[in-house]
Amino acid sequence: MVRLGFIIGFIALLGALLSGLAAYRVHDQELALDRIALARAIDVHASLVQDRLTERELLARVASGLFRAPSVIKPNMLEPLRSAIYAFKTDFVVAGWIARLKPNELAAAQTAIAGAGFPNPQLRSYDDKPINTAEITQPIDVLMDLEPRSNETKTLPGRSYDQDPVRSAMLTRARAEKKSVASDPVPLVGGNGAIGIIVAAPVIPEGAMEPAGFVTFSYELASLMLTNDDMSLFAVALRDPRKEGGELIANDQGVVSTRMMADGPAPSATRTVSFGGRDWQLGYYAKTNSMRRAEQTAIIVAAIGFAITAMVCGLFGYVAYNNLRLSREIQVRIGFERRLTAVIDELNHRVKNILAVIQSIVTRTLRHGSDIDIARELLIGRIHAMSNVVSLLSESQWQGVKLKGLFEARAIPHADRIAVTGPDIAVSARAAQSLSLLFFELASHSDEGLSLVGKHPHITATWTVTGEEGDEVFRFRWEEFNTSEATRRPDSDFGLILLDRVAPEALGGTAKRFFTDVSYVYELTAPMETVVDMTERDRTDKISAPVRPVRS
């Protein structure tokens, strides 16, 4: 009996030790998995917020670059930019033009505001109190125009923000640093409006040292920080720069409120993003208690272990199976994290390339001495051409696009007049970007000589693929009939660079352009391997491949 008791006691002790060990192991693994999932989700969210903020700040910079500073006070200054602004992003609350007015320009400003159709042209302070213009001796910042116009926003033009503690500080810093600057969180539109952030970009006339005014965009805080997501693992709060220890949080309806960090638990993690020349700190609060859930799981495992102490083999089998399952989950999650990191790196690389191309387009188009109206039209067209090819690439998961798809009417002027022939080959992402800009440049300079011969179009775009497999050559020919060197509009500097150097170098080929007796011809020749670029497609296939667990 004693011996049996000793054996039973030994089995009970062994079962208790094994149960405790299993509970401890499960506790640590569940806690580690939850922390990995939460940390990864936070990193992805912070990266998305930073990309979103970068796009909004880029909109302010592009708008200020396109903005033509007035030599005199004029109404409706934002009207020429309206199509460009709404084509880029439309989630801003209000876009505004704040002019820096000298004392002798105040009367003309009031007349301009009244002429623009705003109900109250009287110059007022930020709290809507009238200003005695005779007492003004220094330049002041006055809101002259805004988009969109509604019954609520029409009352805002005419306000001076020199005494506004938030907007004045933002404009002063933007004027001093001559770059886009973000404000502190502030109620938008009215004192009871949604909480948001304003970004101001200075407009500096050519040859001037001081800005003539500022283009501003305001955004609601909840949508800007992507806080309104019921399915996420965490809640997001923005550290309030106006109050030490304060945070701004948004509820499910997007209403932002303030709270003190001392009144609640510390955030699970913090991340820093940059916007408008300053750093913003995001606090992430886990919606579930990982420690408590891990403890509950451990208690359940221990209870099962104590209940089946006599079944030592079954307990070992359960622990072994549980360890194998958890190991496979960790391997799957690690593989997913590696794939997600590769996707983010690839996306960042492609976004940087696209932004670099857009920056080059803007710089070349708005070069010194160019006509602003023609430059604006070309710039919008070139950006639309880039937007069209990016949309096509996104639909194909960046594995290339059909060449005929680049001749769509929304991206190519006079697309209905172009006769397109050639094999419907799929070109690589890099080649598609270069060819899309190339086709736009050729089509945009064919405005002259649009007469038709009978019912036939006056422009032909043809391409062929010749040669044996492995040494195939892509040949493209663009021909405009019924035109000559005297009637065809000359190519711009940017267009010449694109036609003669950028497009051929991007495809590793050569190009030439010339006039015949009846037409203008552009020819491009390149190796087929650079036009298709299978290495790029293989890389995209690997990134998009599903994650598979490692077999043990």
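In what follows, residues are counted from 1 in the order of the sequence shown. All of these numbers come straight from a predicted model, not from anything done at the bench. Side-chain atoms are counted along with the backbone in the values below, which use heavy atoms only and exclude waters and symmetry mates.
When ring centroids are compared, Phe439 and Tyr522 stay outside the 6.0 Å threshold.
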List the steps, then state whether side chain to side chain contact (heavy atoms under 4.5 Å, CB included) holds for Val518 with Asn482.
CA-CA 6 Å; Val518 295; Asn482 303 325; 5.9 Å; no

Does the salt bridge (charged side-chain N to carboxylate O under 4.0 Å, His left out) test come out yes or no for Asp500 and Lys512, once each step is laid out?
CA-CA 7 Å; Asp500 297 341; Lys512 61 180 179 179; over 6 Å; no

Just do the side chain to side chain contact (heavy atoms under 4.5 Å, CB included) check on Thr464 and Phe476 with the steps written out, would you?
CA-CA 7 Å; Thr464 59; Phe476 172 79; over 6 Å; no

Show the numbers, then the answer: is there a salt bridge (charged side-chain N to carboxylate O under 4.0 Å, His left out) between Arg477 and Glu479?
CA-CA 6 Å; Arg477 179 183 176 91; Glu479 188 166 9; 3.3 Å; yes

Does Arg167 form a salt bridge (charged side-chain N to carboxylate O under 4.0 Å, His left out) with Asp141? I'd like the steps, not just the answer.
CA-CA 10 Å; Arg167 293 174 176 85; Asp141 299 319; over 6 Å; no

For Leu238 and Leu282, run side chain to side chain contact (heavy atoms under 4.5 Å, CB included): C-alpha distance rounded to whole Å, both residues' side-chain angles, the deciding distance at 0.1 Å, then the answer.
CA-CA 5 Å; Leu238 176 67; Leu282 300 176; 3.8 Å; yes

For side chain to side chain contact (heavy atoms under 4.5 Å, CB included), just list the numbers for Arg40 and Arg333, CA-CA rounded to whole Å, side-chain angles, deciding distance to a tenth of an Å, and then say yes or no.
CA-CA 10 Å; Arg40 196 61 203 163; Arg333 294 199 183 192; over 6 Å; no

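Checked by atom type and distance alone, the side chain of Ser183 pairs as donor or acceptor with a backbone atom of Ile198 at under 3.5 Å. The main-chain N or O of Thr516 is never found under 3.5 Å from a side-chain atom of Ser519 such that the two would form a donor-acceptor pair. Between the Ser64 side chain and the Ala60 main chain, a donor and an acceptor come within less than 3.5 Å of each other. When atom types are taken as modelled, the side chain of Trp463 and the backbone of Thr421 share no donor-acceptor pair closer than 3.5 angstrom. Put simply, the side chain of Ser434 never gets that close to the backbone of Ala431: no donor and acceptor are under 3.5 Å apart. Under a 3.5 Å cut-off, the side chain of Thr483 and the backbone N or O of Glu480 do not form any donor-acceptor pair. In terms of modelled atom types and a separation under 3.5 Å, the side chain of Ser436 and the main chain of Ala432 share no donor-acceptor contact. With hydrogens and angles disregarded, a donor-acceptor distance shorter than 3.5 Å links the side chain of Arg173 to the backbone of Gly277. In this structure, Ser180 contributes its side chain and Arg61 its backbone to no donor-acceptor pair below 3.5 Å. Without hydrogens or angle criteria, Thr111 side chain to Ala107 main chain gives a donor-acceptor distance under 3.5 Å.
Taking OG1 from Thr216 and CD1 from Ile98, the interatomic distance works out to 4.5 Å, rounded to the nearest 0.5 Å. Annotation: the span from Ile459 atom CD1 to Leu442 atom CG amounts to 9.0 Å, rounded to 0.5 Å. Thr153 OG1 to Leu146 CG: the interatomic distance, rounded to the nearest 0.5 Å, is 5.0 Å. Arg56 CZ to Ile197 CD1: the interatomic distance, rounded to the nearest 0.5 Å, is 12.5 Å. Distance check, rounded to the nearest 0.5 Å: CG of Leu188 to CD of Glu152 gives 10.0 Å. Taken to the nearest 0.5 Å, the CZ atom of Phe118 stands 7.5 Å off from the CG atom of Leu143.
Val142 has its side chain within reach of Ile140: a pair of non-hydrogen atoms, C-beta onward, lies under 4.5 Å apart. Proximity of Lys178 to Glu210: side-chain heavy atoms (C-beta onward) are separated by under 4.5 Å at one or more points. Residues Glu523 and Phe514 have side chains in contact (heavy-atom distance under 4.5 Å, counting atoms from C-beta outward). For the pair Ser274 and Gln50, the minimum side-chain heavy-atom distance is below 4.5 Å. Between Leu59 and Phe217, some side-chain heavy-atom pair lies under the 4.5 Å cut-off. In this structure, Leu435 and Leu524 have side chains that are in contact, with non-hydrogen atoms separated by less than 4.5 Å. With a 4.5 Å cut-off on side-chain heavy atoms, Tyr520 and Glu485 do not count as touching. Using a 4.5 Å heavy-atom cutoff, the side chains of Tyr219 and Val93 are not in contact.
Environment of NZ in Lys102: sparse, with no more than 12 heavy atoms of neighbouring residues, nucleotides or ligands closer than 6.0 Å. Residue Asp424 places its CG atom among more than 12 non-hydrogen atoms of other residues, nucleotides or ligands, all under 6.0 Å distant.
Of all the heavy atoms in Phe92 and Pro148, the pair that sits closest is CE1-CD, 4.4 Å. Across all non-hydrogen atoms, the minimal contact from Ala39 to Arg271 is O-NH2, 4.2 Å. Considering all non-hydrogen atoms of both residues, Ala461 and Ile418 come closest at CB-CG2, 4.0 Å. When every heavy atom of Pro121 is checked against every heavy atom of Ile113, the shortest pair comes out as CA-CG2, 3.6 Å. Closest non-hydrogen pair, Met170 versus Ala182, comes out as CG-C, 4.3 Å. Nearest approach of Val532 to Ala426, heavy atoms of both residues: CG2-O, 4.1 Å.
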